[in-house]
Amino acid sequence: GIQVEQSPPDLILQEGANSTLRCNFSDSVNNLQWFHQNPWGQLINLFYIPSGTKQNGRLSATTVATERYSLLYISSSQTTDSGVYFCAVEKTSYDKVIFGPGTSLSVIP
Amino acid sequence: ETGVTQSPTHLIKTRGQQVTLRCSSQSGHNTVSWYQQALGQGPQFIFQYYREEENGRGNFPPRFSGLQFPNYSSELNVNALELDDSALYLCASSHRTKPYEQYFGPGTRLTVT
């Protein structure tokens with residue numbers, strides 16, 4: 001099956017700093033999403049981005065499908081950005097969703 | 001618009017017992033997926049239900065089973081509980097036409113002793 005890797009596994013940032021999270025996947029995929037899981041366990045869908053670039057406020061994401069990676073950019077980080085960021089892929093629509101191991105982000109004041 | 005809800009929030013069971021977890025999907029959604037998230041790991045896909053039938057399954061044994069009801073709510077049943085079943089169980093709903101727009105519930109934390 002598809003393997004999903006995320007880096008770095010852990011990240012500590014000072015409030016206001018920028019960061020880039022990476023997701024590599026081992027095979028072509030039809031769907032790719034980024035999620036944020038807050039410290040209370042709630043998973044929030046950030047981006048659906050099988051290819052191209054999207055932006056939503058301080059967050060943006062880029063997927064280069066031909067090279068099998070996606071990047072999540074967080075600018076001007078805030079303490080509320082803390083939590084775990086997951087990349088999840090599907091090889092085809094309606095297939096099982098495969099999550100990566102996540103990047104744990106801590107933003108300190 | 002009502003979001004995805006799950007019950008109970010927390011549950012403690014003994015090895016060998018059976019458990020039923022419940023999920024109410026978001027209004028307008030007709031597809032429900034269940035995930036198991038062990039501590040420190042990403043969620044793992046258990047199965048998905050659409051039109052009251054299982055529509056895809058991950059690498060979980062048959063003692064993990066589910067149901068979807070006509071109102072699109074769903075149950076996850078686990079028989080013969082094992083210690084390794086201790087995890088956060090997440091339910092996500094979506095509409096069949098937009099499978100990538102999944103909305104997750106808050107989860108049920110299951111502890112097996």
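Treat the numbers as computed from the prediction; the structure is a model and nothing was measured. A, B, ... follow the sequence lines: proteins, then strands. Residue 1 opens every chain.
- Connection of A:Ile49 to A:Val4 is established within a shared hydrophobic cluster, with ILVMFWY side chains joined at heavy-atom distances below 4.5 Å, either directly or through further cluster members.
- With contacts defined as side-chain heavy-atom distances shorter than 4.5 Å, the pair B:Pro43/A:Leu43 qualifies.
- Atom CD of B:Glu54 has more than 12 heavy atoms from other residues, nucleotides or ligands within 6.0 Å.
- Within 6.0 Å of CG in B:Asn71 there are more than 12 heavy atoms belonging to other residues, nucleotides or ligands.
- Following chains of ILVMFWY side-chain contacts shorter than 4.5 Å, one cannot reach B:Tyr72 starting from B:Val4, and the two form parts of different hydrophobic clusters.
- Counting heavy atoms from C-beta on, the side chains of A:Gln42 and B:Phe104 come closer than 4.5 Å.
- Neither the backbone nor the side chain of A:Gln6 comes within less than 4.5 Å of any heavy atom in chain B.
- Residue B:Arg15 places its CZ atom among 12 or fewer non-hydrogen atoms of other residues, nucleotides or ligands, all under 6.0 Å distant.
- Interface remark: B:Leu90 contributes side-chain atoms only to the contact with chain A (heavy atom separation under 4.5 Å).
- Neither A:Leu21 nor A:Tyr69 shares a network with the other; the hydrophobic side chains, linked directly or stepwise wherever heavy atoms of I, L, V, M, F, W or Y lie under 4.5 Å apart, form separate groups for each.
- Contact check for A:Gln37 versus B:Leu88: side-chain heavy atoms found under the 4.5 Å cut-off.
- The environment of CZ in B:Arg51 is sparse: at most 12 heavy-atom neighbours from other residues, nucleotides or ligands sit within 6.0 Å.
- Other residues, nucleotides and ligands place more than 12 heavy atoms under 6.0 Å from the CD1 atom of A:Ile108.
- Ring-centre distance between B:Tyr35 and A:Phe99: below the 6.0 Å cut-off.
- For B:Gln41, the part lying under 4.5 angstrom from a heavy atom of chain A is the backbone only.
- Side chains of B:Gln37 and A:Phe86 form a contact here, defined as non-hydrogen atoms less than 4.5 Å apart.
- Atoms CG and OH, on A:Asn45 and B:Tyr103 in that order, are 7.0 Å from each other to the nearest 0.5 Å.
- The backbone N or O of A:Ile44 sits nowhere less than 3.5 Å from a side-chain atom of B:Gln102 that would complete a donor-acceptor pair.
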Show your reasoning for whether side-chain contact (heavy atoms from CB on, under 4.5 Å) applies to A:Val97 and B:Gln44.
CA-CA 8 Å; A:Val97 177; B:Gln44 283 198 294; over 6 Å; no
